[in-house]
There are 2 protein chains.
Amino acid sequence: MQTEEEILKIKKVKNTAVRTVVLRHLLAQEKAQSLKDIENALAYTDRSSIFRTLKTFEENKVIHSIEDGSGMTKYAVCAEGCNCEPKDLHYHFYCTNCSKTFCLVDLPIPHIKLPENFKLHQANMVVKGLCDKCNK
Amino acid sequence: MQTEEEILKIKKVKNTAVRTVVLRHLLAQEKAQSLKDIENALAYTDRSSIFRTLKTFEENKVIHSIEDGSGMTKYAVCAEGCNCEPKDLHYHFYCTNCSKTFCLVDLPIPHIKLPENFKLHQANMVVKGLCDKCNK
DNA sequence: TAATGTTTGCAATCGAGTTGCGCTAATACC
DNA sequence: GGTATTAGCGCAACTCGATTGCAAACATTA
Ligand SMILES: [Mn+2]
Ligand SMILES: [Mn+2]
Ligand SMILES: [Zn+2]
Ligand SMILES: [Zn+2]
């Protein structure tokens with residue numbers, strides 16, 4: 001497991017107080033976090049600072065974002081070695097009962113045969129249903 | 001190709017003026033439409049009426065919605081025989097250049113082996129990149 | 001140190017989505 | 001047909017996540 005400092009160094013993002021604490025928070029979660037989740041957890045850090053930090057992180061591939069249909073974009077730390085390329089894409093699971101969103105990093109996306117002349121760059125793959133805790 | 005009246009009858013949705021014109025518009029498009037797209041196209045129909053129409057259509061599986069990450073939910077008419085079940089799920093393509101979102105109905109989603117005890121109900125699968133027209 | 005660039009906090013704004021409400025049209029009931 | 005009830009519609013207001021302008025604080029460079 002890499003520390004916040006190591007990750008930021010590898011991804012060439014300058015370390016600051018806000019960046020460290022946001023990244024630390026993201027690393028400590030099992031579920032993907034919304035801006036509001038982070039804002040609530042970091043009571044003394046301003047929302048717009050967190051917002052801009054998330055943008056910076058995403059641009060530099062420290063994290064990736066997930067549109068799970070809940071109305072709030074979620075964020076999760078990229079796995080070690082991830083470069084947000086097609087080979088790094090994975091499914092996400094959104095539990096319609098507990099509203100948690102997870103990265104299914106062990107479930108790589110199969111090769112998608114797009115129509116002639118289409119070019120794949122990114123993907124937002126969200127599978128919805130019940131997570132193991134809610135599926136009783 | 002089914003007419004608006006036929007589709008609404010099959011899906012047991014009462015026909016009204018707004019519903020007919022919204023469905024007709026959706027049927028005539030090659031790309032999935034946002035609420036704003038429809039509002040712009042139907043200049044004399046109120047936004048909230050279109051909004052509620054879309055909700056009704058979605059609840060009754062006349063259309064399905066797509067979260068393509070553009071910030072606006074897109075809507076597309078379900079294929080004939082579609083019941084919005086896992087077997088009916090398909091990929092969507094969002095062109096990052098021209099911002100068009102398409103249903104790739106001929107590209108069914110492969111079986112997804114979720115972790116133990118997870119239950120799949122729905123999915124929002126969006127592949128992003130360049131469409132054939134923009135990939136020169 | 002002074003100049004320059006970057007990050008942060010605060011407040012304001014944006015905009016897609018949603019809702020309350022009164023009016024009208026459609027349907028059900030007598 | 002006539003009246004009560006329900007459903008759909010249009011307008012305006014509102015919600016709330018996301019985004020931005022700006023000035024102060026901080027870091028880097030010359
Ligand atoms: Mn992920
Ligand atoms: Mn579709
Ligand atoms: Zn759950
Ligand atoms: Zn395109």
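Hydrogens, waters and symmetry mates are skipped; everything else that's a heavy atom, side chains included, is used. Numbers restart at 1 for each chain; the letters A, B, ... are given by sequence-line order, proteins then strands. The shown structure was predicted, so the numbers you read here are calculated from the model rather than taken from an experiment.
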> Enter the distance from D132(B):CG to E116(A):CD here, rounded to the nearest 0.5 Å.
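So the gap between those two atoms works out to 9.0 Å.
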
> Between the base of dG21(D) and the side chain of R52(A), is one N or O donor paired with an acceptor at under 3.5 angstrom?
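For R52(A), whose side chain was compared with the base of dG21(D), there is a donor-acceptor pair (under 3.5 Å).
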
> Rounded to whole angstroms, how far apart are CD on Q33(A) and P on dA18(D)?
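Rounded to whole Å, this separation is 13 Å.
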
> Rounded at 0.5 Å granularity, tell me how far CZ in F57(B) sits from CD1 in I50(B).
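Going from CZ on F57(B) over to CD1 on I50(B), the span is 11.0 Å.
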
> Side chain of K14(B) only, please: which of dA26(C), dG9(C), dC9(D) is the nearest?
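Taking heavy atoms from C-beta onward, the closest nucleotide is dA26(C).
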
> Check the distance between dA18(D)'s C1' and D46(A)'s CG and give it to me in whole angstrom.
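It works out to 13 Å between those atoms.
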
> Is the phosphate of dT7(C) approached by T16(A) (side-chain N or O, under 4.0 Å from OP1 or OP2)?
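For dT7(C), neither OP1 nor OP2 has a side-chain N or O of T16(A) closer than 4.0 Å.
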
> Do any side-chain nitrogens or oxygens of S48(A) fall under 4.0 Å of OP1 or OP2 in dG9(C)?
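The answer is no; no side-chain N or O of S48(A) sits under 4.0 Å from OP1 or OP2.
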
> Among dG9(C), dT18(C), dG17(D), which nucleotide has an atom closest to any side-chain atom of K55(B)?
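It is dT18(C).
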
> Which whole-number value in Å describes the distance from F51(B) CZ to dC11(D) P?
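Those two atoms, CZ and P, are 18 Å apart.
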
> I need the CD-P distance between E59(B) and dG8(D), as an integer number of Å.
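Spelled out: CD on E59(B) to P on dG8(D) is 11 Å.
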
> Can you tell me how far P of dT20(D) sits from CG of L54(A), to the nearest Å?
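That distance rounds to 14 Å.
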
> Taking NZ, NE, NH1 and NH2 as the nitrogens, is one of them in K74(A) or E67(A) under 4.0 Å from a carboxylate oxygen of the other?
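No salt bridge links K74(A) with E67(A).
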
> Can you find a side chain N or O atom of K36(B) that sits less than 4.0 Å from OP1 or OP2 on dG15(C)?
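K36(B) to dG15(C) OP1/OP2: no side-chain N or O under 4.0 Å.
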
> Looking at every strand, decide which applies to T73(B) at a 4.0 Å heavy-atom threshold: base, sugar-phosphate, or nothing.
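Sugar-phosphate, no base atom in range.
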
> Using whole Å, report how far CG of N15(A) lies from P of dT28(D).
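Answer to the nearest Å: 11 Å.
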
> Could you walk me through whether H25(A) and Q33(A) pass side chain to side chain donor-acceptor pair (under 3.5 Å), step by step?
CA-CA 9 Å; H25(A) 173 78; Q33(A) 300 283 292; 2.7 Å; yes

> dA7(D) C1' sits how many Å from N60(B) CG, rounded?
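The distance from CG of N60(B) to C1' of dA7(D) comes to 14 Å, rounded to the nearest Å.
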
> Within this structure, what is the CD-to-P distance between E39(A) and dC10(C), rounded to whole angstrom?
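From E39(A) CD to dC10(C) P: 12 Å.
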
> Below 4.0 angstrom from OP1 or OP2 of dT7(C), is there any side-chain N or O of R19(A)?
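True: R19(A) side-chain N/O within range (under 4.0 Å) of dT7(C) OP1/OP2.
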
> How about T20(A) and E4(A): does a side-chain donor come under 3.5 Å of a side-chain acceptor?
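Side chains of T20(A) and E4(A): no pair found under 3.5 Å.
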
> Could you check which of dG9(C), dT19(C), dA12(C) has an atom nearest any side-chain atom of R47(A)?
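Nucleotide nearest to R47(A)'s side chain: dA12(C).
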
